[in-house]
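A note on names: the letters A, B, ... follow the listed sequences, proteins ahead of strands, and every chain is numbered from 1.
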Amino acid sequence: MPLLVKGARFIDPAEGVDGAFDLLIEDGRVARMDRDIPPGEGVEVLDASGLVAAPGFIDMHVHLREPGEEYKEDIESGTRAAAAGGFTAVACMANTDPVNDTSSITERILKRAREAAACRVHPIGAVSAGLAGERLTEMADQRAAGCVAFSDDGVPVRTAQLMRSALEYAGMLGAAVLDHAEDMSLSSGRVMNEGAVSTALGLGANPAASEDICVFRDIRLAALTGSRLHILHTTSGGAIDLIREAKNKGIEVTCEVTPHHFALTEEAVQSFNSAAKMAPPLRSEADRQALIAGLKDGTIEVIASDHAPHYEAELQVEFDAVPFGIVGLETAVSLALDRLVHGGALTLPQMISKFTAGPAKILGLEGASLRVGAPGDVTILDPERMYEVLPEAFESRGRNTPFGGIKLKGRAAATIVGGKIVMNRIGGETVIHAGVPEATGTGVMH
Amino acid sequence: MKPEPLHRKDLLSIRDLSPGEILFLLEMTDSFREVNEREIKKVPTLRGKTVVNLFFEPSTRTRTSFEIAGKRLSADVINISADVSAAKKGETLRDTARNIEAMATDVVVVRHPASGAPAYLARELRCGVVNAGDGCHEHPTQALLDLYTIREHKKDFEGLRVSIVGDIARSRVARSNIIALGKLGAEVMICGPRTMLPAEAESLGARVTTRVEEAIEWSDVLMALRIQLERGGGASFPSAREYANTYGINRKRLDGAKPDLLIMHPGPINRGVEMSPDVADGPFSVILEQVAYGVACRMGILYLLAGQRSATSADVPGAEAPGADASTEDGSGAAAAGGGAGETRKPEVENAVAR
């Protein structure tokens, strides 16, 4: 059934659109954007008056845990969390069990997504077999099966030689390498940022230089190979400086920041709060300010959640033994609206771009625009909505978040994938309808 | 600065304590010290209470000190070391501790290699938790006995100069002492090679030097820390020999020291590494006094936590377990004082002691 979204302020940074329109989606794709489109016979109408509509948000960095760790999350629960958070597409990292390092695993993920997902799922293939840092995966085969990029995320690509080969090989296939940048000789076994807080708590800590060193290595290799490099979850002001400088030299490097790294600092770890344990870690206020400056000047073009659900019992241990990472799909958009847009760092169109055009370009996804013919993926925002983060109400199986109980201003109001409303809370209660329409294709450009 | 009664379920860190609470704990140490000097070194104060020493790291001195402290108060003391506990069978710290608590334990004394582990347990358990050393974080009872020892010799903390020499970055003893001394008005200097100083060391509120001679000349009290020899040859120091040559406290180095310098060490000593035998056993040394006062200090802490337990748990919904109530019926008198003001508590301690 065609869907008509009425009365919203439409913001499409890629097309330079910002105004009051109606949008008609037919056969899963954008058919028309115009003022006052009359609702025809047999057309479903979504009244979005007073809300903001944008191209579908993409979270290019999530851990769906399937296959192998379904007790933490699976494709169904993870994509329901994505839809609840306003995302129409997610790219899932390869550190599952088994690792997504062969096309058969990629195909399995896509098959499960077709059966159960509430949004589009784009697998990311491993750089090295088993994430072991020894030999390259069959990237061409994985690419053909649907992998949109390659990454050993969770751990850095172990050696400069392997990273060089990965960039050359992935570059040949038109895919970017997504880089978890840490020098493990500085970071291994260290559980937070090095500074006054780690000194007070006596926790093992790594300096921001750990990230800078790996970012420097990989930027040089991107320059050497001419391939596309994307730095995941940047945390350090030093790394942002290196990336900015590389961009100015014309090196093909992009980067992302997570909401927790722009919203929190190492202070969140005080009292051994293990919900603030991440790798790379929350850093200093100066680093956080550098990240916000990087968002403002465009050095950072992507906001991604690094959604990392964990099982409750695994969290009920001493700080050193708690696994790294937090869930983020259901708080990312709100944190961006609250801290960045209402906080005055970004305009609404700038913030939307970091969830749409930014990641779409890196992953080679169509969409991220509302032009006629684009996939009918729309995220509807209620930027003024105040609400309290309630982890117990998350769609995700993970409840590990440092944001539980805080109030945020701004929230996703509805999520539309291929012209189908997969999440709607405009009426108050959140309603989720899983199932991505087949006819709309995968959204991957070839 | 006046003693201020301590009403806490747990003793987790010096950072949590007010200066008045620290002084109160020193007074408690004073009260119990006398028991240890008697012919019959036992009082019935904690009869019917159960104290579990849960040690996930090897320790002779601290565990023995807590054990003796508990036994002299007539508590039942059980030692569990990581080797024999369920930790190796994959049971989590939380489950291990909750099982121990389920046996109506009043106080769990925890030593753990992970910083923050006792704080985590304290949140999970209704019974009292004492931190007996956690990772590189804190060792509050060691700092309290160190303070008591210092006060025995120097009377006043205000303006007193205390230096701590060794692997400050990885020392829980150093952290607790720096914070405690700072709270009582002493000046602290930390000294060690750069590789053994923590990041932003000044944030701890201490002066920082890498020259041991400077620390020695400046100090009224000098604390040398145990060097972890098993860490030698790694990134933090080249060898025991190099450390002894550059930072070891020996008679010759003390030539520039004040005549009444006090020498301390939390033990066990690597003789000839961080301290030479002639200094450890010499006239400035109060190392064995530290050990002796440690028992009295821990008696005071166990008394406070086990004695207050019934009062504390009464505030917790569903906490009135039969075991907890029964344990106040032991007639010791002291336990019933939970919630009372410090002024009334102190004499009762003396009553208990005089029995």
*Counting only heavy atoms closer than 4.5 Å, note whether B:Arg123 contacts chain A via side chain, backbone, both or neither.*
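Contact with chain A involves the side chain of B:Arg123 alone.
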*Check whether B:Ser115 gets within reach of chain A through its side chain, its backbone, both or neither, counting any heavy atom under 4.5 Å.*
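For B:Ser115, the contact with chain A is made by backbone and side chain together.
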*Compute whether any side-chain donor of one residue and acceptor of the other, for A:Asp306 and A:Thr258, lie under 3.5 angstrom apart.*
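The answer is no; no qualifying pair exists.
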*For B:Val107, does its backbone N or O pair with a side-chain atom of B:Thr105 as donor and acceptor, under 3.5 Å?*
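Such a contact is absent between B:Thr105 side chain and B:Val107 backbone.
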_Partner chain A: residue of B:Ser13, B:Ala119, B:Pro118, B:Ala114 with the largest heavy-atom pair count (under 4.5 Å)_ =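 Highest number of pairs under 4.5 Å: B:Ala114.
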*Options B:Glu202, B:Arg15, B:Glu124, ranked by heavy-atom pairs under 4.5 Å with chain A, top entry*: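 Option with the greatest count: B:Arg15.
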_Near-ring test B:Phe55/B:His112, centroid separation under 6.0 angstrom_ =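 No, ring centres 6.0 Å or more apart.
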*asked:* Checking A:Thr235 against A:Asp287 for the side chain to side chain contact (heavy atoms under 4.5 Å, CB included) test, could you report, in this order, the C-alpha distance in whole Å, the side-chain angles of both residues, the deciding distance, and whether it holds?
replied: CA-CA 7 Å; A:Thr235 69; A:Asp287 287 308; over 6 Å; no
